[in-house]
Every structure is written in C-alpha cells, then in structure tokens.
Amino acid sequence: TVGNPQTLLDWLVVGNPGEHQVVAPQAKDGKDPEVQVDFVGSLENAATVISRLHRGEKRLVFCDSRSQVESLAVALRARSVKTYVSHSSLSVDARRQAESAFASGDDCVIVATSTLELGIDVGDLDRVIQIDAPHTVAGFLQRLGRTGRRAGSRRNCLFLATSDDALLRAVALVRLWRDGFVEPIIPPALPYHVLAQQILALALQEGGIGNQTWQEWLPGFLACSGIAAEEVSGLVQHMLATGVLFAADGLLTVGLEGEARYGLKSFLHLFSIFSSPPLFTVLHGRSEIGQVHQLTFQARDQGPLTLSLGGRQWAVKQVDWDRRRAFVEPTELRGRSRWLGTGQPMHFRLCQGLKSALVEELPSTGLSKRARQALTELQSEYDWVDLERTSLTQPNSFLYWWTFGGLLLNGVLAEKLQDRGYDATSFDDLRVRVSGSIDVSDLSSLLRQLASSKTCMFSKHVARRSVDRLKFIECVPAPLREKLEAQRFSVRGALVAIAAQPVAVVSRG
C-alpha cells in the first residue's frame, strides 16, 4: 500500500547508518483478487443488496463517513440483518463489544469507517464491501487485504456506488490498481508545529531544558525534518517573544502564554499533535454509547430530538450543555447524528483516472450490468471530454473549466484567474467555476506563464485553511508558516501536465 517504499525507507533511516531494505512479499496464494463494481443509486438500495447478497457469510462493509455508517447500519437492521458498528466516535467498550461479537459470529455484517482498515483482528472475513469508493488506491488495498487470509479463499471487494461521482471514482481506482499505481507517501514538509510541541513537552518533562542543549534530545527528528538551523532558532525566538516559552538562567521553561494555552488538565493538550472537535458524550443511563458533535442538537422545526449512534435510534431526553453530555433512551423514530469532517483532495492521478473513465472503453470484466449501463450513460453525457485537452463549458450562467487537475491545482488556477480580473467563484477536484465570459487564449497564456514560472505555485486559500487546523501552528512565526504552506501544497507536477493540454470550448456540458 506504499507507492514509493524505498524513498520512504531512506527518509525513515536518516541519521541512522547501517543496512536497511524493503521487505515486500507477494501474496501467498497468487490468485487474482475478485473485484466488482456495482451501481445501486442510493444508500437504501445498498442496504437491500447487502441484505440479499452473500447470506450466511461474514461481511465487512466500509463507509467513508460516520454518518453514512450509522445510516447504513440502521437500514440493515430494518432488513433483519445482524449488524454491528465500528467507528471512532463510539465508546471504546461499544467498539470492542461489536468487534468481538462480529469476530465470533457468522451470517453477519459489521459496518465501519477506516478504523477497521488496519491491524484490528475481527476474525476470518468472507467479504469486503465498499460503499462508494475511498479516495486513494492505498486505502482500497488496505480494505481488500482484510480478505483472503483463510486457506483456499480469495481476496475480494465489491463496490456499491450510490452516485455517479462514486461510480467514476470506483472505476478509476480499480483501473489505477490494475495498472500497478499506488500513491507515494510524502512525509509532510517542514513540521515546525511538531517541533514546537516537542520543545514544550521537553521543557515540561525536564522542568526546564538547556537553551543550547535541548536539540540533543531530538537528533533524528531534526535530521529528517528538513528544518534549517536558522529556522529552529527563529521558531524558539518567536515562542519566547509570544510568551509560550520563558528563558532564565540558560533554561527554557513553559511561559505564561504557554500555560494559558496548553496547561489545562495538567497539560493534557501537549500529549497529542492532533486536535479534536468539541463533542458531546451520549449516555444511556450510566452506559456511554459514544460521542456526537453539538450540531446534532441544533433546534428542529418539529418532532422530538433523535439521533443515531451504534446503529440504533435514540431519543434525546436531556442535554447538559455545561458538562457536554446528552442523556438518551431507545426509540423507533429515525434519528441522525452530526460530525464535522474535511473532504480529502484527490490525487492528480485519480482525477485524471476519472477523466479516463469517461472516455476509454469500458472494462470487459468487473462491472455489473447496472454499473455498465450507468457508466455508458455518463460517457454519453460527457462525450465532449477529451484526454488530450481541458474543456470550457457553459451549461448556464456560469462557465466551467474542466481540468480534472485536482483541488490543489484548481485552487491555484482560480486564484490566478481572480488576479486577472475574472470572477472565479469556486473550484473542486475536477473544475473551476467562473462567472461571466472568459477569453480562451487568456487561459492558455495563464497556463504557459505558470508552468514556466520559477515560483512555487500553491493555493493560498487551500493551504491557509488546512494549515490553520494544525495544532500548535500558533507557535510558528508567519515567515515559516508561509514557507510550510508553499512546500506542502506545491502543484508543480500537475501544473506542468495540465499546461501541456490545450483549452477547448465545447457547446455542451
């Protein structure tokens, strides 16, 4: 599931001399995995298919959001399918009970997010079913690898696409996988915020660390981080200037601002580099079921307040806003829970794969009749797509520039168009939307200019939104923060590839 294992290994052993090698054994049975793509059109239809298919077998169903997990679990139970649930917002006890029951059972389904992608053992699986499609080939391979572990069995995965977008993504992922592509793992560049956390944690751990000697604690980190000596010094000086650190008698300690920011609950915030959104604990009596976002309890126009958690429906009886708790009782009424998440940008190769799925001949195997029909209809609808060009369409008052270049690249193009006076109001993985007219020659000129530029190109909007969510980023001075954004969100490779494609105006789309 790693596209660049040797490069990653070289990074992991920076500063550690000695022999090292990549171990990559082949699958023992040598059998080709059984991978199928079906188009079902909705989550309810997916539940119907799962309830009727592979009866008597143990099935692991992956969804890519907690809300989707909960909705599917409720739908499966309504169809008398023995169903268990696992995702990160269930209590530890609830997850363990579900996974243990699933491991020892048969003729059952466990619906999960990526929490069950890796090492957790839920026993021998017969089938993996994927609702829609993950956003990476690596994620697909992890899920595929949960099957075929029993002697005589084959690895398998069935995609159930509930939308056109999901169908295209599933087909593109399978094609990339069959072509041998897996996304490279690129260590996040310039982890200044992690360095800040490590300095604070060392100062707390040691009761003060030498202003000149603390780096002796972190030789491996500093060697592989790419952070220059002058940048380390600038980071420490910024933390001192803002009061996050305090210096006295040659020692660095946690400053007043550092205590105010991170000192609650005995500096618990220092022990993790990740931030969690504000969640409410959901309780049935004294038993904790899990957590939901506070948006779950927002005012409803009518009817009782209900939520779904653990694949079951709950009526909310009391909300303790001060202690962030909600007390519930079982109900037959349909509920819905909310969590906040961020969409994952698709890799450039996957975006181009979606473009190929709209143009190239349908695979001879691996598509159900429904998927084949739906994909044929999509190819007919998007018959103006051309692998050798980007396309400009105007289906309404807006223009759409279809680059299939990915969110990061399209963000750059939208910002550069705005600099040229165009109203590029939005963008996604596949296209940029522009209000009003646009000069096609201007687009071609823009691409040539950007591709030949020596400046690192990145979307300031996308980068700022992502970097703002990094924990401890407030410890990083603005110049280093801007350098981090440029390094992590550069689109040089994708930009050169798209600049080589002419822009064409099409009459449909």
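T281 is listed as a side-chain neighbour of E288, based on a closest heavy-atom distance under 4.5 Å. Under the 4.5 Å side-chain criterion, counting only non-hydrogen atoms from C-beta, R465 is not in contact with S459. Between V385 and S391 the shortest side-chain heavy-atom distance does not fall below 4.5 Å. Here the side chains of T390 and W402 are not in contact, with every heavy-atom distance at 4.5 Å or above. Between D442 and I438 the shortest side-chain heavy-atom distance does not fall below 4.5 Å. In this structure, I129 and F159 have side chains that are not in contact, with every pair of non-hydrogen atoms separated by 4.5 Å or more. Within the 4.5 Å cutoff, no side-chain heavy atoms of L495 are placed close to those of V412. Between H461 and S466, the closest side-chain pair of non-hydrogen atoms is not below 4.5 Å.
Side-chain contact annotation: S86 with E99, donor-acceptor N/O pair under 3.5 Å present. Looking only at atom types and distance, the side chain of R155 has no donor-acceptor partner in the side chain of T147 under 3.5 Å away. Counted by atom type alone, T403 and N410 present one or more donor-acceptor pairs between their side chains at under 3.5 Å. Side-chain polar atoms of Y192 and E231 form a donor-acceptor pair below 3.5 angstrom. For the residue pair T393/W384, the side-chain donor-acceptor check at 3.5 Å is not satisfied. A donor and an acceptor atom, one from each side chain of Q294 and R324, are located under 3.5 Å apart. With no hydrogens or angles considered, a side-chain donor-acceptor pair links D10 and Q6 at under 3.5 Å. Residues E183 and N4 bring no donor and acceptor atom of their side chains to less than 3.5 Å of each other. Side-chain contact annotation: S441 with D439, donor-acceptor N/O pair under 3.5 Å present. Residues W339 and S89 bring a donor and an acceptor atom of their side chains to less than 3.5 Å of each other.
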Test L160 against V37 for side chain to side chain contact (heavy atoms under 4.5 Å, CB included), laying out the working first. CA-CA 6 Å; L160 297 180; V37 178; over 6 Å; no
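Other residues, nucleotides and ligands contribute only 12 or fewer heavy atoms inside 6.0 Å of the OH atom of Y382.
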Check: residues 216-230 side-chain donor-acceptor pairs under 3.5 Å, at least two apart:
unit_1 : atom_1 : unit_2 : atom_2 : d
S225   : OG     : F221   : O      : 3.3
S225   : OG     : L222   : O      : 3.2
S225   : OG     : I227   : N      : 3.2

Can you give me every donor-acceptor pair (side chain of residues 193-210, partner residue at least two apart or in another chain, under 3.5 Å) with its distance?
unit_1 : atom_1 : unit_2 : atom_2 : d
Q197   : NE2    : L270   : O      : 2.9

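Proximity of a side-chain donor or acceptor of R492 to a complementary backbone N or O of F458 within less than 3.5 Å is not detected. Judged purely by atom type and a 3.5 angstrom limit, K355 uses its side chain to pair as donor or acceptor with the backbone of D386. Between the S490 side chain and the A486 main chain, no donor and acceptor come within less than 3.5 Å of each other. Between the side chain of E70 and the backbone N or O of G311, at least one donor-acceptor pair lies under 3.5 Å. Under a 3.5 Å cut-off, the side chain of H87 and the backbone N or O of V85 do not form any donor-acceptor pair.
Remark: R169 does not engage D132 in a salt bridge, criterion side-chain N to carboxylate O under 4.0 Å. A salt bridge between E485 and R464 is present, with a side-chain N of the basic residue lying under 4.0 Å from a carboxylate O of the acidic one. A salt bridge between D429 and R349 is absent, with no side-chain N of the basic residue lying under 4.0 Å from a carboxylate O of the acidic one.
Shown are F181, F62, W177; of these, the ring pair (Phe, Tyr, Trp, His ring centres under 6.0 Å) with F140 is made only by W177.
Contacts classified as salt bridge (charged side-chain N to carboxylate O under 4.0 Å, His left out) and involving residues 241-258 (residues at least two apart or in different chains) are given here: E257-R261.
Ring pair F472/Y262 is tilted by interplanar angle, where 30° to 60° counts as tilted.
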